[in-house]
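Position 1 is the first residue of the sequence, and the numbers go up from there. No experiment lies behind these values; they were computed from the predicted model shown.
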Amino acid sequence: MAEDLPATGRAGGRRLKLLLGVVGLCVLASWVFVRVSSAQGIAEVSFDPAQKFQTIRGWEATVDVLWAPEYDPHREEILDRMISEVGITRLRVEAFSGDENRSRSFERFLSGEIDMQGWRDLRYATVNDDDDPYHITWEGFDFADLDWRMEKTALPLMERAKARGEKIEINFNYVSFTKQIRNGIYIHTDPEEYAEFILAVFLHLRDKYGVVPDSFEPLLEPDHIKEWTPQLMGAAMAATSKRLQHAGFSPRMIAPSVSDARAAVPWLDGIMQTPGATDLLAEFSYHRYKGATPDVLLAIAARAKQAGLETSMLEYWFGNGTYTLLHDDLKNTNVSAWQGRAVYGHYRIDPTQPAGHQVVLEDDMRYNRLYFNAIRPGAVRIAAHSTAPDAIDPLAFVYPDGRMAVVMRAGGKARADILGLPEGDYWLETAYASGGTPEPVYFHVGADGRFSAEIPDAGVISLRPAAP
């Protein structure tokens with residue numbers, strides 16, 4: 001987070017043009033009014049603390065198993081900045097189905113014994129550890145790729161977060177794109193064999209690293225995998241929930257994580273047909289690659305509410321996950337968690353820049369990080385209304401200790417006159433389309449609750465509480 005950036009002075013004389021003026025304070029019962037003006041007009045935006053929506057779980061990134069060689073000299077800087085700049089709070093850590101195998105495919109790939117295609121042919125193929133799904137023969141499992149993810153990325157990020165008094169949650173994800181299998185078999189369509197594999201991962205992570213996953217995704221993008229159906233996933237989830245709880249594990253389950261958002265509700269409905277499938281289910285997840293139209297997303301939100309589940313958008317990579325989509329997912333689909341990139345994908349390496357400046361934040365993250373840093377886990381969204389949402393569309397969140405964060409999407413040049421903020425210290429940050437990302441400005445809001453800010457172009461205005 002940017003709390004560790006230096007305070008650079010009060011309002012005035014900055015690229016952002018802070019406007020600290022005298023504005024009328026309108027308070028009616030529990031309502032707090034905000035006045036917003038732009039070249040196109042004036043809008044009043046209201047926040048209703050009595051109307052509450054989702055609680056934020058986390059900002060997720062997938063732990064890469066591979067990355068381009070040019071990242072190697074900069075890995076420590078990237079890991080530092082993922083915590084201090086991007087504000088990530090949850091990691092998706094994957095294991096491939098082919099980890100139940102004696103082929104040592106990942107080690108052979110790293111050593112150069114086999115090439116990428118050779119590894120792709122093997123990494124999802126399974127060979128049963130033994131004939132008893134209730135007995136683990138450890139020699140039949142090879143978690144080299146999982147260990148690589150943990151040791152190269154996950155553990156270092158967890159250590160950096162801990163040093164700041166924060167926590168990185170681990171979301172374990174099972175991956176099996178079986179279309180890649182050549183000359184191999186796949187046994188995890190047996191729910192008990194599948195449950196054995198998942199239990200083996202939990203035991204391995206606990207016993208080797210002292211890490212117990214906080215959450216668990218049963219299968220990545222099952223709508224791409226011909227062997228899997230909603231009913232099979234339900235049976236696998238039921239068997240796994242029973243096995244994990246018997247061993248003392250109670251992770252929050254996240255499903256179905258389909259690539260086509262239109263498939264999310266049908267998959268959830270199919271999963272729920274199996275008794276016990278939803279014993280640990282907590283998040284109703286989707287990806288945005290296909291079918292994420294407004295009506296589909298509203299249907300996901302409605303189905304989640306009906307089922308008593310949180311929602312999460314957990315993959316839309318390669319710069320596709322823009323701040324406008326993030327804003328909509330928070331506002332309309334009530335997501336509690338969101339993922340736009342894998343860890344190293346948040347940055348690019350620009351060798352034309354001088355040493356110390358070659359790690360460049362990707363442009364979509366200039367905006368998204370303002371949401372990530374303002375809206376921390378545990379914050380609860382409250383209602384926000386605007387008479388001119390095309391000019392300024394606000395989202396407001398209340399921390400457990402009562403402090404407030406406000407993130408506003410600006411449709412163009414605009415000014416926000418914010419009234420009724422809780423007294424205290426804040427950071428103000430913006431990112432806008434003409435390329436600007438000014439340094440954050442530290443300011444204090446007094447008992448009058450007033451603050452004004454201006455943005456010169458379409459983008460994001462973020463006000464977040466400074467560290468207490």
Report the distance from atom [atom1] of [X] to atom [atom2] of [Y], rounding to the nearest 0.5 Å.
X      : Y      : atom1 : atom2 : answer
Asp329 : Gln54  : CG    : CD    : 10.0 Å
Gln51  : Arg381 : CD    : CZ    : 8.5 Å
Thr62  : Asn171 : OG1   : CG    : 8.5 Å

Does [X] reach the side chain of [Y], with side-chain heavy atoms less than 4.5 Å apart?
X      : Y      : result
Arg75  : Trp67  : yes
Glu196 : Asp130 : yes
Asp142 : Asn101 : no
Asn368 : Trp59  : no
Tyr347 : His74  : no

According to side chain to side chain donor-acceptor pair (under 3.5 Å), who are the partners of [X], at least two apart in sequence or on a separate chain?
X      : answer
Arg90  : Glu60, Glu283
Glu70  : none
Tyr323 : none
Arg303 : Asp269, Gln306

With sequence neighbours left out, the residues meeting ring-ring contact (aromatic ring centres under 6.0 Å, His included) with Tyr209 are none
Parallel, tilted or perpendicular: which one describes the rings of [X] and [Y], with boundaries at 30° and 60°?
X      : Y      : answer
Tyr174 : His188 : tilted
Phe177 : Tyr124 : perpendicular
His327 : Tyr371 : perpendicular

Would you kindly check if the NZ (Lys) or CZ (Arg) of Arg149 is within the cone defined by 45 degrees around the ring axis of Phe106 and under 6.0 Å from the six-membered ring centre? no
Within the distance-only criterion (no hydrogens, no angle test), does the side chain of Gln353 pair as donor or acceptor with the backbone N or O of Gln358 below 3.5 angstrom? no
Using a strict 4.0 Å threshold on nitrogen-to-oxygen distance, state whether Arg57 and Glu169 make a salt bridge. no
Working for ring pair (Phe, Tyr, Trp, His ring centres under 6.0 Å), residues Tyr289 and Tyr316: CA-CA 6 Å; Tyr289 290 109; Tyr316 199 29; 5.4 Å; yes
Residue set satisfying salt bridge (charged side-chain N to carboxylate O under 4.0 Å, His left out) with Arg104, at least two apart, ordered chain then number -> Glu107
